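Note sheet for the following structure.
For this chain, numbers begin at 1 and follow the sequence in order. Values below: all heavy atoms of this structure, side chains included; hydrogens, waters and symmetry mates excluded. As the structure is a computational prediction, the values presented were derived from the model and not from experiment.
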Amino acid sequence: MRIGHGYDVHRLVPNRKLILGGVCVPFELGLLGHSDADVLIHAVMDALLGAAALGDIGKHFPDNDNNYKDISSLILLEKVRDLIAGKGYKIINIDATILAQKPKLATYLGDMVCMMAKALRIEEDCINVKATTEEGLGFTGSLEGIAAHAVCLLEEEPI
C-alpha cells in the first residue's frame with residue numbers, strides 16, 4: 001500500500017468561474033490559474049501522483065503548455081488515473097479538505113465526489129470531501145484564495 005498527500009492553492013479573482021471538484025460553484029470570485037484552477041482536483045492529483053512516485057502535476061501538465069490552458073481539471077484527473085493504473089496501482093480511498101472562508105460549500109460536496117468518482121472510475125464511497133473555514137485567518141480567511149489538502153491510499157493490483 002502507498003500513501004500520497006497533495007496540496008494546492010489558487011488566488012481568488014473577479015471574472016473567473018469558481019470550479020471545485022469539477023463543479024461550478026456560484027460565487028462572485030473565481031480561482032486564477034492556467035487551467036480551470038480547481039484546487040480540490042489539483043490536490044487530489046498530486047496525492048495520487050505522489051503515492052505512485054510519479055512526481056507532481058507540474059511535471060505532467062506544466063503551466064507553460066498551451067495544451068492545458070483553461071482545460072477542465074477533470075480531464076487531467078482522468079490522465080492521472082491512467083498514469084497510476086499504468087504503474088499497476090488502484091485507488092483504495094481519497095480524503096480531501098477544501099479551505100475556504102466563502103462560499104459555503106456543504107451543498108456542493110456530494111456533486112464534487114460524484115464528478116471525481118466518475119473521472120477516476122471508482123465508487124463514490126471511496127472519496128470523502130470536506131470543507132472548512134479558517135475562522136477569518138490567513139489568506140483563505142481574508143478571501144485572497146482557496147486551498148485544498150488531499151490524502152490517498154493506493155494498492156498494487158495483483159498480477
Side-chain angles (χ1 to χ4, degrees), residues 2-25 27 29-84 89 91 93-106 108-120 122 126-154:
R2 299 183 63 118
I3 298 168
H5 174 263
Y7 173 77
D8 195 39
V9 58
H10 284 275
R11 180 179 301 278
L12 281 164
V13 296
N15 304 314
R16 288 274 297 191
K17 290 181 181 178
L18 178 58
I19 309 293
L20 294 169
V23 175
C24 187
V25 178
F27 193 53
L29 301 172
L31 294 170
L32 181 62
H34 186 69
S35 67
D36 63 5
D38 188 328
V39 293
L40 175 57
I41 290 182
H42 293 183
V44 167
M45 289 191 298
D46 266 348
L48 293 167
L49 290 167
L54 289 169
D56 63 17
I57 62 174
K59 173 182 175 181
H60 296 277
F61 316 110
D63 64 6
N64 59 0
D65 186 332
N66 282 334
N67 290 318
Y68 306 119
K69 179 76 175 138
D70 297 323
I71 194 169
S72 168
S73 292
L74 287 167
I75 293 170
L76 302 180
L77 185 60
E78 291 171 353
K79 292 178 185 292
V80 168
R81 174 200 68 213
D82 294 343
L83 286 169
I84 63 172
Y89 294 109
I91 301 166
N93 78 304
I94 296 166
D95 185 34
T97 305
I98 304 166
L99 297 98
Q101 192 66 35
K102 290 182 183 176
K104 296 297 182 193
L105 298 171
Y108 302 98
L109 299 177
D111 291 337
M112 294 176 197
V113 167
C114 179
M115 297 295 283
M116 291 190 296
K118 183 177 176 183
L120 291 169
I122 61 175
C126 294
I127 301 175
N128 185 62
V129 177
K130 310 171 289 296
T132 189
T133 70
E134 290 190 294
E135 304 297 328
L137 300 173
F139 70 88
T140 63
S142 64
L143 294 177
E144 292 178 66
I146 293 179
H149 287 271
V151 293
C152 72
L153 180 64
L154 301 182

Shortest non-hydrogen contact from G22 to I41?
-> N-CD1, 3.6 Å

Spell out, as yes or no, whether a donor-acceptor pair under 3.5 Å connects the side chain of R2 to the backbone of L154.
-> no

Working to the nearest 0.5 Å, report the span between CZ of R81 and CD1 of I91.
-> 9.0 Å

How long is the gap from CG on L77 to CD1 on I57, to the nearest 0.5 Å?
-> 10.5 Å

How close do D56 and L49 get, heavy atom to heavy atom, and via which atoms?
-> C-CD1, 3.6 Å

D46 CG to K59 NZ distance, which is reported to the nearest 0.5 Å | 12.0 Å

Please assess L31 against L18 for the test side chain to side chain contact (heavy atoms under 4.5 Å, CB included), listing each intermediate value before the final yes or no.
-> CA-CA 6 Å; L31 294 170; L18 178 58; 3.7 Å; yes

Going through the checks in order, is the side chain to side chain contact (heavy atoms under 4.5 Å, CB included) test met by L54 and H60?
-> CA-CA 9 Å; L54 289 169; H60 296 277; 4.1 Å; yes

State which residues pass ring pair (Phe, Tyr, Trp, His ring centres under 6.0 Å) with Y7; sequence neighbours excluded, sorted by chain then number.
-> H149

Atom CE in M45, atom CD in E78: separation rounded to 0.5 Å?
-> 11.0 Å

Scanning both residues in full, the closest heavy-atom pair of L40 with G21 reads CD2-CA, 3.6 Å

Just wondering, do I71 and L76 contact through their side chains at under 4.5 Å, heavy atoms?
-> yes

N/O donor to acceptor pairs below 3.5 angstrom from side-chain atoms of residues 93-102, sequence neighbours left out:
from : atom 1 : to   : atom 2 : distance (Å)
D95  : OD1    : N128 : ND2    : 2.9
D95  : OD1    : K130 : NZ     : 2.6
D95  : OD2    : K130 : NZ     : 3.0
T97  : OG1    : K130 : NZ     : 3.3
Q101 : OE1    : G136 : N      : 2.9

Enclosure of L143 CG (heavy-atom neighbours >12, cutoff 6.0 Å) | yes

Please tabulate, for the side chains in residues 61-68, all donor-acceptor contacts under 3.5 angstrom to protein atoms that are two or more places apart in sequence or on a different chain.
from : atom 1 : to  : atom 2 : distance (Å)
D65  : OD1    : N67 : N      : 2.8
D65  : OD1    : N67 : ND2    : 3.1

Does the pair K17/D38 count as a salt bridge with the N-to-O cut at 4.0 Å?
-> no

Nearest-0.5 Å distance that lies between atom CE in M116 and atom SG in C126 = 12.0 Å

Grab the two heavy atoms, one from M115 and one from L74, that are nearest each other, plus how far apart they are.
-> CE-CD1, 3.5 Å

Nearest heavy-atom contact between S72 and D36 is CA-OD2, 3.4 Å

May I ask you to decide if S73's main-chain N or O and H42's side chain share a donor-acceptor pair within less than 3.5 Å?
-> no

With distance as the sole test, does H5 use its side chain to make a donor-acceptor pair with the main-chain N or O of V151 at under 3.5 Å?
-> no

Distance, nearest 0.5 Å, that separates CZ of R11 from CZ of F139 = 9.5 Å

Indicate the atoms forming the closest heavy-atom contact of A51 with C152, along with that distance.
-> CB-SG, 3.8 Å

Flag side-chain contact, heavy atom, 4.5 Å: L120 against L48 = yes

Do other residues, nucleotides or ligands put more than 12 heavy atoms under 6.0 Å from the CZ atom of R16?
-> yes

